[in-house]
Peer 1: 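One structure follows; several queries about it will come next.
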Amino acid sequence: MPQRDGITEPWGARRPYGPGEHWPTRVDSYLADGVTPESVQRWVRSAAVLHSNGDGLDIAVRDSRIVGVRGRSDDRVNRGRLDPKDLFGWQANSASDRLTTPLVRRHGELVEASWDEAMDHIVRRSRELLDEQGPGALGFYTSGQLFAEEYYALAAVARGGIGTNHLDGNTRLCTATAAAALKESFGCDGQPASYTDVDHADVIALFGHNVAETQAVLWSRILDRLAGPEPPALLCVDPREMPVAQAATLHLAPLPGSNVALMNGLLHEIIENGWVDRGYVERCTVGYDDLAATVADYPPERVAEICGLEPAQIREAGRLLGTAERLLCTVLQGFYQSHQAAAAAVQVNNLVLLRGMLGKPGAGVLQMNGQPTAENTRECGADGDLTGFRNWANDEHVAELAKLWNVDVSRIPHYGPPTHLMQMLRYAENGSLRFLWVSATNPAVSLPDLHRIRSILAQDRLFLVVQDAFRTETAELADVVLPAAMWGEKTGTFTNADRTVHLSEKAVEPPGQARADLDIFLDYARRMDLRDADGAPFPAWTDAELAFEAWKRASRGRPCDYSGLSYRKLREVSGIQWPCTEERPDGTERLYTDGKFFAAPDYCESYGRDLVTGAPTEPVEYQAMNPSGKAMLKAAGYLQPHERPDEAHPFLLINGRTIHHFHTRTKTGRAPQLDAAAPEVWLEVSEADAAAAGLSEGDLAEVSTPRGAVRAHVRLGGIREGVLFLPFHYSYWDVDHAASKDGDRAANELTFTDCDPVSKQPLFKVAAAALRKVGDEQPAPTIAPAHTTVHEELVTGATR
Ligand SMILES: Nc1nc2c(c(=O)[nH]1)N[C@H]1C(S)=C(S)[C@@H](COP(=O)(O)OP(=O)(O)OC[C@H]3O[C@@H](n4cnc5c(=O)[nH]c(N)nc54)[C@H](O)[C@@H]3O)O[C@H]1N2
Ligand SMILES: Nc1nc2c(c(=O)[nH]1)N[C@H]1C(S)=C(S)[C@@H](COP(=O)(O)OP(=O)(O)OC[C@H]3O[C@@H](n4cnc5c(=O)[nH]c(N)nc54)[C@H](O)[C@@H]3O)O[C@H]1N2
Ligand SMILES: [Mo]
């Protein structure tokens, strides 16, 4: 069995394959020291939870503990492969500092309490606020990392039980723009393409997506195509020379924040050179004339000037996209968290629509997700949408939901759009939101402009509940902390970025008194005595499988139809794509194969917004614009970002991820191999900029914006001049709560409070910054090989 170092060889051995062939299997596994496959007592079915790829895996259990993982060879997503975070991240489950009892703040200190004490405290405060002020005093901020059953329960509790409009997920920070772009173009959320399109594409274009580090197994699939016969051409659009750029046929490194201009320039080339699929556009879309008129103003010379590129590069990229026969596009945070986020993401949809590249093998768009269960937050309605991709502005959809829940329609708030997180924070700042229940997210590190966030969350007048597995930076600010069971300690389903649903089964007991999030939400409902119109306890379901059955009923007839799925079926097949119905029992590989969309006025999830201002489209306007529910081509002109470099802050600062860490590192910081691989924050600086600032590799630099300053050691190169990059995984302390020796390390000390007008996603990746040297060379913060061996079983035969 070949072995590899799981840290220094993150993508493992190549299994080359050609267009239209089946991606070969390679089973990766890592077991704790001293554990052999023979000594594993049980293998428990699950999937990866440290990104949105949904890689199927089995959890190894011995003596009631998790002792390793192994990729599932029969899974449609990964065919056995696992990435470094998944190979090692499970060790966090058995970390010695898991939260094991509830904590309640007494005389300023968080002290241990019983579940009864903690829940009574929460219920008492909820009741007081409901009496004093009504449901608008209460808000819930959840995650993209729980299970579908948990989001559905929370949506029912918040919207159908309490009746508050203030429920959102951290998907707001993550893939709100993916959802918005899909709604704008296709009338509804839902990923058009499938990962199997990688097997067929002749051009793959990645827009602001570092897939090599953020969905490493999907990158392995692309690498295996690149190593095989007739490899696809790769277009990478990213200001950095990350691994995707290094492997690309063509790399465009636009100035951060110029995505709309670039996309308009590419669409200009497509139209100008007659690469439009006229028949498709005529048959399946509305809005062509507007789009053509807008992009006519973006010839390559103008675009090159805005983006800091050469006109020839734009022409070359236009030709690559315009002449592709099977074009697959992916989009992620380089677009979603940047200036004009939704407007830019929509232009990628326009590209595939103009080229008629939808609904056939190798063609399509992946408006990617980031978190493992973000899709479920959105479809279950634990974000700014109603359950089942229902349209809050369509009274019939709201009535349908009320009937499903058997509650009065007036209970479900729909006087305006569900409150997005940035607005909830504003209400908390103003004092009208006085109770915030945070589950499975760490806003004291992950939200922009942390100085402000801390001051909001730390207010005495805000009652803060934090439900987490660890005592995080956010938990430190809480009034009540609830200890949660994690992945591997509870059962539920979740859905990846290409609509693949997996069942994740409980492998071990949670530590101490930690409880599953589902049980906590349902316990709250019981203690609050929430009831339906007939006086029966609401929600009516009591465990994960019953919650799943209820969610299936809620999804029936909607685009995200789960009615043909069951736990039993998900135990037989490793990964099934929704919609899965009686008529389509094996799921659905691609959406929109028939050129029909979920966009009919009475069916769509949203009537859309103006891409530049964010002004909502009225139902009558939508009806007039798109009476027969076609795909919508929507145009947007480029606007300058408002924070731009000046003399005092001459750099553009961006931030993002590294392959070894997940977000605020509550899990990966507790896995020794991953922690050792990237223990400290660093700053990427181009060689020219470093030289000008007198900085060499490893020197301590300070990067500052009007919001704050962060110190980090310099990594030279790999980024365009004038741009700086910080990973956002680090904070002012380490996971063991030891203060960082250099002070603040969180990228969000530097980011500002603003969001995209359409998706309301914060603009994390736009800021003007200054750079200076503060200290001499240190051991360079590069990857320390951990020499942890991963087993790779190369499965031969094309049939697996
Ligand atoms: N290893 C790892 N994997 C993860 C995660 C993790 O924390 N660690 N998190 C998961 C989650 S929740 C998410 S959302 C995804 C995110 O996955 P990605 O979006 O791939 O990750 P990021 O590093 O945030 O951003 C991607 C790229 O955007 C580029 N960029 C910045 N500004 C611009 C711009 O203006 N234009 C363009 N074109 N590009 C720009 C950056 O240089 C960066 O390389 O990853 C998921 N997978
Ligand atoms: N500057 C900058 N900021 C960013 C980004 C960026 O690129 N740049 N990216 C943004 C994006 S895309 C994202 S997704 C966010 C992520 O930001 P967060 O959601 O704040 O990050 P995590 O560290 O994943 O936090 C998840 C928390 O849930 C806990 N947890 C894990 N499993 C469970 C469970 O089953 N139940 C419960 N109750 N708790 C659990 C973990 O211990 C952890 O504390 O950050 C955003 N912030
Ligand atoms: Mo994310």
Side-chain angles (χ1 to χ4, degrees), residues 49-53 83-85 92 99 142-147 150 169-175 178 206-216 236-240 242 244-245 252-259 262 307 330-339 344 368-372 374 438-448 466-470 472-475 482-487 489-490 492 514 516-517 520 641 652 654-669 684 719 723 725-729 746-748 750-751 761-762 764-766:
V49 279
L50 297 171
H51 48 75
S52 59
N53 214 49
D83 87 352
K85 294 196 301 332
L99 284 169
T142 190
S143 185
Q145 299 174 41
L146 299 182
F147 292 150
E150 299 176 322
N170 70 352
T171 46
R172 187 62 61 188
L173 321 182
C174 184
T175 49
L206 300 105
F207 296 96
H209 183 195
N210 185 5
V211 63
E213 299 199 63
T214 59
Q215 282 95 9
C236 171
V237 178
D238 196 299
R240 298 190 300 140
M242 14 67 101
V244 182
L252 300 183
L255 281 167
S258 66
N259 295 320
L262 177 65
C307 301
T330 76
V331 194
L332 200 47
Q333 300 308 353
F335 273 43
Y336 300 166
Q337 294 175 341
S338 192
H339 177 57
M368 286 297 297
N369 290 346
Q371 291 175 92
V438 173
S439 47
T441 181
N442 189 8
V445 182
S446 57
L447 282 175
V466 173
Q467 181 169 315
D468 203 292
F470 296 100
T472 60
E473 291 84 346
T474 310
L482 301 176
M486 293 202 289
W487 167 90
E489 299 160 356
K490 58 182 180 177
D517 297 272
I520 302 173
L652 280 164
I654 56 175
N655 51 63
R657 293 161 168 79
T658 187
I659 189 162
H660 302 112
H661 283 298
F662 186 64
H663 302 165
T664 73
R665 295 198 313 146
T666 59
K667 290 183 180 177
T668 52
E684 291 175 23
I719 190 161
V723 183
F725 175 89
L726 263 184
F728 89 104
H729 306 295
N748 284 319
L750 308 177
T751 49
Q761 183 161 345
F764 288 110
K765 299 206 200 308
V766 202

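Residue indices begin at 1 and follow the sequence shown. For ligands, and for the atoms within them, numbers begin at 1 and follow the listed sequence.
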Peer 1: Can you find an N or O of N442 that's nearer than 3.5 Å to an N or O of ligand 2?
Peer 2: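 Such a contact does occur with ligand 2.
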
Peer 1: Below 4.0 angstrom from a heavy atom of P256, which ligand 1 atoms are there? Numbered from 1 as shown, please.
Peer 2: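 So the answer, numbered in order with elements, is 34 (C), 35 (O).
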
Peer 1: Hey, does W487 come in under 3.5 Å of ligand 2, counting only N/O atoms on both sides?
Peer 2: no

Peer 1: Can you list the ligand 1 atoms lying under 4.0 Å from a non-hydrogen atom of G208?
Peer 2: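 Result: 19 (O), 26 (C), 27 (C), 28 (O), 38 (N), 39 (N).
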
Peer 1: What atoms in ligand 2 come closer than 4.0 Å to a heavy atom of M486?
Peer 2: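 With M486 as reference, the close atoms of ligand 2 come out as 35 (O).
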
Peer 1: Run the numbers for me: atoms of ligand 1, each under 4.0 Å from some heavy atom of L332, listed by number.
Peer 2: 15 (C), 16 (C), 17 (O), 18 (P), 19 (O), 20 (O)

Peer 1: For atom 25 (O) of ligand 1, state which one of H209, M242, K765 supplies the nearest heavy atom.
Peer 2: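 Minimum heavy-atom distance to atom 25 (O) of ligand 1 goes to K765.
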
Peer 1: Are side-chain heavy atoms of N442 and H663 found at a separation under 4.5 Å?
Peer 2: no

Peer 1: As an exercise, identify every atom of ligand 1 less than 4.0 angstrom from a heavy atom of Q333.
Peer 2: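 By the 4.0 Å cutoff, the relevant atoms are 14 (S), 16 (C), 19 (O), 24 (O), 25 (O).
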
Peer 1: Could you establish whether F764 and ligand 1 come within less than 4.0 Å of each other, counting only heavy atoms on the residue side?
Peer 2: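 The answer is no, since F764 has no heavy atom less than 4.0 Å from ligand 1.
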
Peer 1: For atom 29 (C) of ligand 1, which candidate among L255, D238, L206, V211 provides the closest heavy atom?
Peer 2: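 Ranked by closest heavy atom to atom 29 (C) of ligand 1, first place is D238.
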
Peer 1: Select the closest option to atom 6 (C) of ligand 2 among H51, Q337, E150, Q467, judged by heavy-atom distance.
Peer 2: Q337

Peer 1: With heavy atoms of N210 as the reference, note each atom of ligand 1 found under 4.0 Å away.
Peer 2: 20 (O), 26 (C), 44 (O)

Peer 1: Just going by heavy-atom distances, which of T664, N170, L173, T668 is nearest to atom 23 (O) of ligand 2?
Peer 2: T664

Peer 1: Heavy-atom distances under 4.0 Å decide this one: backbone, side chain, both or neither, for H729 against ligand 1?
Peer 2: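 Only the side chain of H729 comes within reach of ligand 1.
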
Peer 1: If the cut-off is 4.0 Å to any non-hydrogen atom of S338, which atoms of ligand 1 fall inside it?
Peer 2: 35 (O)

Peer 1: Regarding atom 35 (O) of ligand 1: of the candidates G257, G656, P84, which has the closest heavy atom?
Peer 2: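 Nearest option to atom 35 (O) of ligand 1, by heavy atoms: G257.
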
Peer 1: Pick whichever of T441, D468, V466 has a heavy atom sitting closest to atom 30 (N) of ligand 2.
Peer 2: D468

Peer 1: Which atoms of ligand 1 have any heavy atom of G370 under 4.0 Å away?
Peer 2: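 Atoms satisfying the 4.0 Å criterion: 10 (C), 11 (C), 12 (S), 13 (C), 14 (S), 15 (C), 46 (C).
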
Peer 1: Among A344, G334, S446, which residue places a heavy atom closest to atom 34 (C) of ligand 1?
Peer 2: G334

Peer 1: Does any part of the side chain of T751, heavy atoms only, come nearer than 4.5 Å to the side chain of P762, both counted from C-beta?
Peer 2: no

Peer 1: Using a 4.0 Å cut-off to any heavy atom of C174, which atoms of ligand 1 qualify?
Peer 2: 12 (S), 14 (S)

Peer 1: Name the option, out of Q761, H661, R657, E473, that contains the heavy atom nearest to atom 12 (S) of ligand 2.
Peer 2: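 The residue whose heavy atom sits nearest atom 12 (S) of ligand 2 is R657.
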
Peer 1: Does the N or O separation between R665 and ligand 2 drop below 3.5 Å for any pair?
Peer 2: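 Looking only at distances, the answer is no, because the N/O contact criterion of under 3.5 Å is not met.
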
